[in-house]
Amino acid sequence: MNQKTIRWYFNCRKWMPKREEFLFVLRCIQKDEQERIMKFVYRNDLKHALIGRLLLRKCINLCLNIPYSSIKLGRSDKGRPILEEIKDCQFDFNISHHGDYCILAADDYAKVGTDVVKLQLSNVKFIPEYFQRMRKIFCQAEWKFIEGDDNNLNYQKQLARFLRLWCLKESFVKAEGVGIGFELSRIKFECDPSLTITESQIITNTNVYVDEELLEDWKFEETLLDQSHCAAVALYPKVKSEQKENSNNPPSFQLLSFDQLLEKIEPFNQVDESLWILYLSKSERM
Ligand code: COA
Ligand code: MG
């Protein structure tokens, strides 16, 4: 497997930093990032954003051998994280956070996008109403997949399929870097209805169409991180019609511990110690 092939996930919900730990990691990110992150109202959002930065820096340090202090992360005009001052870094990376996890996918591809979605399947009462509001996001064929061939799937199963398609669409628009600028109903995903995503399996036979045209070069990997989180990775090759060969042996997401996340990390910034008090003043979003 290529050294630039990375699939990581980190459990932000379980991470309860102590004072020293929190101030230490803030020293390992850029000043502008410290400021942005400390503005989050809720602690969960703050932790997600902070861990996202640490995953990005770890990945760039590992793949490109750039010291932490020299990594300059910026954003495209659509908000996509980019590596400043390096024109062709030979690989692409993307992060996502939702529910308990923050995830990163990086690969030796021209475009990489990823998304994680928490499968909140408990409140099935409002599903018909919710689907009605979301009608336009998916096309007819996708609704057929969500609802099942004979409309025979229960609401929990329908919602799981709905969120699976959502996750795929997000991974695709994020690989393109366009964010919500893309008209989502133009994108159609075709999933094999006989396959259900599980923790032990990575589904790679999903196809994407834009304006009814099959985009043959795109590849998707879908898996469950646990019973309530699904993840998708969208990949577009550097050279068309190549790089499909990995489909038989797709990489699994690796759960990182906090120690693994911090391995080889080098603090390079100062930190104002009052940021700990500010962190403590924030509440958890339920
Ligand atoms: N392209 C690629 N990646 C982007 C991006 C862009 N234009 N803008 C931001 N990102 C990255 C960032 O790293 C960001 O995290 P950070 O700010 O902590 O660095 C991360 O993606 C956010 O992704 P995720 O956690 O999955 O958030 P999201 O799913 O709420 O939003 C967006 C992803 C911002 C790219 C955008 O697609 C969006 O707002 N989507 C939600 C709305 C929607 O209609 N979805 C329908 C899907 S069917
Ligand atoms: Mg998302």
Side-chain angles (χ1 to χ4, degrees), residues 8-10 12-13 25 29-30 32-60 71-84 92-107 109-120 130-131 133-139 142-143 145-146 159-189 191 206 208 210 220 222 225 229-236 253 285:
W8 286 332
Y9 67 119
F10 182 87
C12 297
R13 185 179 52 82
V25 292
I29 62 170
Q30 289 163 213
D32 57 313
E33 293 171 342
Q34 280 186 11
E35 282 162 23
R36 181 181 67 89
I37 285 165
M38 292 311 298
K39 283 187 191 145
F40 280 99
V41 174
Y42 294 109
R43 205 183 277 187
N44 337 32
D45 299 333
L46 186 156
K47 282 200 293 181
H48 272 144
L50 179 53
I51 295 296
R53 294 292 110 180
L54 296 174
L55 286 172
L56 284 170
R57 299 190 93 83
K58 180 181 173 70
C59 161
I60 291 161
I71 298 170
K72 289 206 176 64
L73 286 169
R75 286 188 191 260
S76 71
D77 56 350
K78 297 278 193 311
R80 189 184 216 273
I82 48 169
L83 195 47
E84 282 181 352
D92 196 24
F93 51 84
N94 196 229
I95 61 162
S96 175
H97 25 72
H98 195 230
D100 296 351
Y101 298 117
C102 185
I103 72 173
L104 174 139
D107 222 315
Y109 276 72
K111 296 175 191 178
V112 177
T114 194
D115 199 54
V116 56
V117 172
K118 180 163 187 194
L119 306 169
Q120 282 152 329
Y130 178 62
F131 279 0
R133 269 188 283 132
M134 295 294 169
R135 210 75 211 165
K136 282 197 186 131
I137 298 186
F138 301 121
C139 67
E142 289 173 323
W143 279 112
F145 170 71
I146 292 168
L159 188 57
R161 284 189 172 188
F162 174 96
L163 293 173
R164 177 176 168 191
L165 289 178
W166 179 292
C167 194
L168 282 164
K169 286 208 189 195
E170 279 281 330
S171 71
F172 178 68
V173 294
K174 290 179 73 186
E176 288 286 20
V178 288
I180 46 171
F182 205 93
E183 220 178 297
L184 293 168
S185 57
R186 288 176 53 203
I187 313 167
K188 178 176 83 179
F189 277 93
C191 305
T206 295
V208 68
V210 171
F220 296 88
E222 298 172 78
L225 301 177
H229 293 79
C230 73
V233 180
L235 301 154
Y236 183 75
F253 270 92
R285 186 157 43 86

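Atoms within a ligand are numbered from 1 in the order they appear, just like the ligands themselves.
For the residue pair E222 / T206, a side-chain donor-acceptor distance below 3.5 Å is found, with atom types taken as modelled.
Between E176 and K111, at least one side-chain N (NZ, or NE/NH1/NH2) sits under 4.0 Å from a carboxylate O, which counts as a salt bridge.
Note: L184 CG to M134 CE = 10.5 Å, rounded to the nearest 0.5 Å. Separating the CD atom in E84 from the CG atom in L73 is a distance of 8.0 Å, to the nearest 0.5 Å.
Counting non-hydrogen atoms of other residues, nucleotides and ligands closer than 6.0 Å to OH of Y130 gives a total above 12.
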Query - Audit row: L225, D100, side-chain contact (heavy atoms from CB on, under 4.5 Å) steps and yes/no - result: CA-CA 10 Å; L225 301 177; D100 296 351; over 6 Å; no
Report task. Show your working on side chain to side chain donor-acceptor pair (under 3.5 Å) between Q30 and R36 and close with a plain yes or no. Result -> CA-CA 10 Å; Q30 289 163 213; R36 181 181 67 89; over 6 Å; no
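The residues lining ligand 1, counting any heavy atom closer than 4.0 Å, are R36, R53, R75, K78, G79, R80, P81, N94, I95, S96, H97, D115, I137, W166, K169, E170, K174, G177, G179, I180, L184.
Between F253 and T114 the shortest side-chain heavy-atom distance falls below 4.5 Å.
For the pair I29 and R53, the tightest heavy-atom approach, listed with the atom from each and the gap, is CG2-CB, 3.9 Å.
Within the protein, the N, O or S atoms sitting under 2.8 Å from the Mg ion (ligand 2) are D115 OD1.
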